[in-house]
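Scroll down for the structure; my scribbles are underneath it.
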Amino acid sequence: MTLAEFFSEFETTASLPPGTVQGQERLDSIERWDSFAVVEFMSMADEKLGVQLEPAQIAACCQVSDLAVLCGLKL
């Protein structure tokens with residue numbers, strides 16, 4: 001998965017308009033980034049990237065780019 005594809009998947013998970021995520025967005029500023037979105041994100045990471053994440057790992061992330069790195073993508 002490319003970084004652009006990751007951002008697109010994140011947009012879908014967080015119910016954001018396509019093309020709005022560039023990576024530097026703070027997770028705490030995204031209105032729809034809630035516990036349900038975290039579960040969806042965990043599922044996406046497992047299904048599409050083969051990465052199993054724990055909620056605590058995700059909670060330690062501050063920006064969307066942190067999530068990408070957590071999933072093994074290079075910035």
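Position 1 is the first residue of the sequence, and the numbers go up from there. Values below: all heavy atoms of this structure, side chains included; hydrogens, waters and symmetry mates excluded.
F36 forms part of no hydrophobic cluster, judged by ILVMFWY side-chain heavy-atom separations under 4.5 Å.
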What verdict does the side-chain contact (heavy atoms from CB on, under 4.5 Å) test give for T12 and F41, after you've listed the backbone C-alpha separation in whole Å, the side-chain angles of each residue and the deciding distance to 0.1 Å?
CA-CA 9 Å; T12 300; F41 180 79; over 6 Å; no
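L73 is linked by a side-chain contact (heavy atoms from CB on, under 4.5 Å) to L3, F6, A68, counting only residues two or more places apart in sequence or in another chain. With sequence neighbours left out, the side-chain contact (heavy atoms from CB on, under 4.5 Å) criterion links C62 to R26, D66. With sequence neighbours left out, the ring-ring contact (aromatic ring centres under 6.0 Å, His included) criterion links F7 to no other residue. Every residue meeting the side chain to side chain donor-acceptor pair (under 3.5 Å) condition with E5, not counting sequence neighbours, appears here in chain and number order: T2.
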Pair up each side-chain donor or acceptor in residues 15-25 with any protein partner under 3.5 Å, not counting sequence neighbours, and list the distances.
residue, atom, partner, partner atom, Å
T20, OG1, P17, O, 2.7
E25, OE1, Q22, N, 3.2
E25, OE1, G23, N, 2.7
E25, OE2, Q22, N, 2.7

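To the nearest 0.5 Å, atom SG of residue C61 and atom CG of residue D28 are 12.0 Å apart. To the nearest 0.5 Å, atom CG of residue L70 and atom CD of residue E54 are 10.5 Å apart.
Grouping the Ile, Leu, Val, Met, Phe, Trp and Tyr side chains by contacts below 4.5 angstrom, directly or via other members, places V39 apart from I58.
Sorted by first then second residue, the side-chain hydrogen bond (donor to acceptor under 3.5 Å, both in side chains) pairs that include residues 34-52, not counting sequence neighbours, are E9-K48.
When all heavy atoms of A14 and R32 are compared, the pair lying nearest together is O-CB, 3.2 Å.
L53 is listed as a side-chain neighbour of C71, based on a closest heavy-atom distance under 4.5 Å.
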